[in-house]
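One structure is given here, and the rest of the page talks about it.
In what follows, every chain begins at residue 1, and chains take the letters A, B, ... in the order their sequences are listed.
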Amino acid sequence: MSTTENQPSANFIRQIITNDLTSNKHNGNVATRFPPEPNGFLHIGHAKSICLNFGIAQENQGTCNLRFDDTNPEKESAEFMKAIEKDVNWLGFKWTAVYHSSDYFEQLYDYAVQLIKKGLAYVDSLSAEEIREYRGTLTQIGKESPDRSRPIAENLTLFKKMREGDFANGDYVLRAKIDMASPNINMRDPALYRIRRTHHHRTGNDWCLYPMYDYTHCISDAIEGITHSLCTLEFEDHRPLYDWVLEKIQISCRPQQIEFARLQLEYTVMSKRKLAQLVLENHVHGWDDPRMPTIAGLRRRGFTPTSIRDFCERIGITKKDAWIKIAVLESCIRDDLNENAPRAMAVIKPLRIVIENYPDEKVESLTIKNHPQKEEMGTRNVPFSKVILIEQDDFSLEPPAKFKRLIEGGEVRLRGSYVIKCEKVITDEQGKIIELRCSYDENTLGKKPEGRKVKGVIHWVSEQQSLPAELHLYEPLFTEANPEEQVNFMEVLNPKSLTIVTGARVEASLANTSARNRYQFERCAYFCVDTDSRAEKLIFNRTVSLRDTWLK
RNA sequence: UGGGCCGUCGCCAAGCGGUAAGGCACGGGGUUUUGAUCUCCGCAUACCCAGGUUCGAAUCCUGGCGGCCCAGCCA
């Protein structure tokens, strides 16, 4: 490993922070926060934000809070909060403190009263539809609500009644009094509070009045002393409002909102709404389905925290609308697993081989390295006997050019074992190959054969001692690089995103493996033990295939 | 269309007025009991386009062109 490997790459946000540190803008403090709404599971796009926020705090001896942005009780739940905490931890990050926007409901209310008293907020009785009409359009300025001139005292009374539950949903809304002619639509008297007569998973029935994101987020940041409030590009237009609120209320902290591009990964969707739809309509088996781009899905698929952090580092942080190829993610997990996953042998589609000159009842215990380059990973014993299983694809009656596996009359090396020669091909009435009769060269164990070169090496398992296993092979969830671009993203769902292989056999050493263990099944792919796997029924998930440059 | 933001290799991405880093992908050689890994080599006279400023421009200026975001009582 080179010394620069762990050096975070330069990006414009780190530059801003470096400059702020130099100018002592925040008294040398760096305080960030990761603020998910607990309305779904975290996905790899959140991982990008997590790595950025926690990473920046770590690099600068700063702090990073986990804050649940729970201002909309209709979509949020404690279950999602639990899942989010688990995922952030699993990625390897420790928050300085955990907070909730709902922790600040009382303060937020007081600040709203402040705004009303300053004549900067008013209670509006316009309906949602009317507000939309009054707002104007991109090219036309809006017009002021008749309630905009409501006297302060009346606003105060009405707002109090809103809190006390005197009104129904939608009867009134609290609005900031800014500028109905602003070219920035977010500044045309945005809603600050709306009435929601709904139970909140944390505050119960204490409130029927809930603050909006724009009003809540900046104040929450300020209360927590956040110095750099990092969010995605779609909030750029909200920054003037973020700053407006903090300027108008009585608060000294001035966090700086900085926006970066959200992650867009090919062949998947990243919006929580769409991910939830996949789960709800049973197109996948849950938020942690290994095909999902969720942290939970990637974990079950066999991804490591290291690989995901590496991915976030490799893609960088910019303001450019970028599309990341799946190959980048795959390269990250291969790098980690190549280094750290022990090797094993598994035959996906078995072809039976009888070694005619091998003693009938003999079972040899061969010692095989767990990693070809890393001695420290040790060895394991693999039984070898007269009847073995190889991959159907590793034998060919009509071999293509440069085929270096087993052919009729040809020799091949059995990985970690002997060189065998195919003496006879047994077919059924339809001509289908059902068995091979081979001979073995007893002088080739750990030695090159004498007087000839044997090029190919293939994997195998002993028929008798091997274990049956179910293999889950995954392909992208969608057939189009950008499913969101379709009129209906469901129409480009990949019908072959999951293939279940039932006839596979794995080597005996895997008998007592446990959930989440990762292996490289040599010459095939990296697999991990699924959480539903049991000793009686082994299930492996294919994390990612091996790179394959043959016939490219 | 009003406003905001963005445009450097196929895909990401450094670069911040001194003569185009790196990664992924791709092509080729070597090593190899994994067609894996590892290793070596190749891969933008060129930075959306056009003008301008400058001894010198991807970097500064002007004007175009292209893309993304905003009209929730969602976040």
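- With A/W460 as the aromatic partner, A/R415 does not meet the cation-pi criteria of under 6.0 angstrom to the ring centre and within 45 degrees of the ring axis.
- In this model, the phosphate group of B/A75 is not approached by any side-chain N or O of A/K75 to a distance below 4.0 Å at OP1 or OP2.
- Across B/U33 and B/C26, the matching P atoms stand 25 Å from one another, rounded to whole Å.
- Of the P atoms belonging to B/A20 and B/A58, the separation is 9 Å, rounded to the nearest Å.
- In this structure B/U31 sits in no base pair that meets the Watson-Crick or G-U test at under 3.5 Å.
- For the atom pair CD1 (A/I355) and CD (A/E442), the distance works out to 12.5 Å, reported to the nearest 0.5 Å.
- Distances shorter than 4.0 Å separate none of the side-chain N or O atoms of A/R14 from OP1 or OP2 on B/A14.
- Separation of the P atoms belonging to B/A57 and B/A13 is 27 Å when rounded to the nearest angstrom.
- When the side-chain nitrogen and oxygen atoms of A/T549 are compared with OP1 and OP2 of B/A36, one or more of them lie within a distance under 4.0 Å.
- Between A/R135 and the phosphate of B/C73, there is a side-chain N or O to OP1/OP2 separation shorter than 4.0 Å.
- The side chain of A/K320 places an N or O atom within less than 4.0 Å of a non-bridging phosphate oxygen (OP1 or OP2) of B/A13.
- Here the separation of B/C70 from B/C55, taken at their C1' atoms, is 46 Å to the nearest Å.
- Atom CG in A/N338 sits about 11 Å away from atom P in B/U39, given to the nearest Å.
- Distance check on atom P: B/C60 versus B/C6 gives 12 Å, rounded to whole Å.
- Between B/C73 and A/R132, no contact under 4.0 Å exists linking OP1 or OP2 to a side-chain N or O.
- Side-chain to base pairing of A/Q373 with B/C38: no donor and acceptor N or O lie closer than 3.5 Å to each other.
- Separation of the C1' atoms belonging to B/G67 and B/C48 is 11 Å when rounded to the nearest angstrom.
- The gap from the C1' atom of B/U54 to that of B/U62 amounts to 16 Å, rounded to the nearest Å.
- The partner of B/A71 cannot be assigned: no Watson-Crick or G-U wobble pair with both contacts below 3.5 Å exists in any strand.
- Judged by atom type and distance alone, A/R413 reaches the base of B/U33 through a side-chain donor-acceptor pair under 3.5 Å.
- Taking side-chain N and O atoms only, A/R194 has a distance below 4.0 Å to OP1 or OP2 of B/C74.
- Using the Watson-Crick or G-U wobble rule with both distances under 3.5 Å, B/G42 pairs with B/C26.
- For B/G35, the OP1/OP2 oxygens have no side-chain nitrogen or oxygen of A/R547 closer than 4.0 Å.
- Of the nucleotides present, B/G7 is the one that pairs with B/C65 by Watson-Crick or G-U wobble criteria, both distances under 3.5 Å.
- Applying the 4.0 Å criterion to OP1 and OP2 of B/U1, one finds that A/T137 has every side-chain N and O outside that range.
- Aromatic ring orientation, A/W207 versus A/F105: perpendicular (interplanar angle above 60°, classes split at 30° and 60°).
- The aromatic rings of A/F235 and A/H238 sit perpendicular, their planes meeting at an angle over 60°, well past the 30° parallel limit.
- Nearest heavy-atom pair, A/R262 versus A/K48, reported as atom, atom and distance to 0.1 Å: C-NZ, 4.0 Å.
- Distance noted for atom P between B/G22 and B/C40: 13 Å (whole Å).
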